[in-house]
Q: 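Can you keep this structure in mind? I'll have questions shortly.
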Amino acid sequence: MKKLFAANWKMHKTTFEARQTAAELAGLVSGKLKADREVMILPTFTALAPVAEALRGAASFLVGAQNFYPQKQGAFTGEISPGMLLDVGASFALTGHSERRHVLGETDAMVGLKTAFGLESGLGIILCVGEKLEERKADELESVLERQIRAGLRDVAVDVDPQRLVLAYEPVWAIGTGLVAGAKEILEAHAFVRRMLVEIFGLSASQMRILYGGSVKPDNASEIIALDNVDGVLVGGASLKADEFSRIVLA
Ligand code: 13P
């Protein structure tokens, strides 16, 4: 199982900037990436094709999208289908990111629809889960994760290819705040996510990757990536500059 280093660029970068950053990153990492690692860039929709083009021929680089709508096509003004993402070179997409849940109002049910539909359409999916600070304080970590995981995976086939289903634990209080979760908190949450995956998928759960996300930086990446049940990282702010993200990927 390869460790996955994913760069969620959120709503940043013009096509020119995205192409430039992707090419610079590929150059910095080329020939130095450990064999058991792969890198994914998740730019905005408009930069997907330019980033895919910039990474053409770069070994161990993947392109992912940040969102999609769970329909093949139709009267859904402003939306983008999984087939359209595949068409421009994306092979993965996020579902359930906390900003979509808490800023854009996406429900657990919608996250579940998207996850199943994306997988059926041929995309790999990174399903994000994580608790808010008040939920952690109220001792609701496990109940929140369980609810989000069960709803998110409700319609996913039990024989899904484990390489194409990735979970990401992103505590909401650690996203963009500089407050990284401690080793103990990450270990507990990831062990819980793994137990849920085993319960739902059985043996193949051991081959599903669980990423950590939330204020990952070059100076904390190697410690986080070495923890049990941490199979990669999902990075926001520190992924926007090629030099900074390359230090995470090569950590
Ligand atoms: P930051 O790395 O900026 O905390 O963002 C994490 C995140 O939301 C990645 O999806």
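Read the numbers this way: they start at 1 and go in the same order the structure lists the ligands and their atoms. Side-chain atoms are counted along with the backbone in the values below, which use heavy atoms only and exclude waters and symmetry mates.
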Q: For Glu38, is there an ion pair with Arg209 - N to carboxylate O distance below 4.0 angstrom?
A: yes

Q: Please check if any side-chain donor atom of Glu17 sits under 3.5 Å from a side-chain acceptor atom of His12, or the reverse.
A: no

Q: Would one find more than 12 heavy atoms of other residues, nucleotides or ligands at under 6.0 Å from atom CD of Glu79?
A: yes

Q: So with a 6.0 Å cut-off around CD of Gln73, is the heavy-atom count from everything else above 12?
A: no

Q: I'd like to know if Arg150 pairs up with Glu199 as an ion pair, taking the criterion as any Lys NZ or Arg NE/NH1/NH2 lying under 4.0 Å from an Asp or Glu carboxylate oxygen.
A: yes

Q: Might you list the protein residues in contact with ligand 1, defined as having a heavy atom under 4.0 Å from one of its atoms, sorted by chain and number?
A: Asn8, Lys10, His97, Glu170, Ala174, Ile175, Gly176, Gly214, Ser215, Leu234, Val235, Gly236, Gly237

Q: I'd like to know whether CG of Asp139 has more than 12 heavy-atom contacts from other residues, nucleotides or ligands below 6.0 angstrom.
A: no

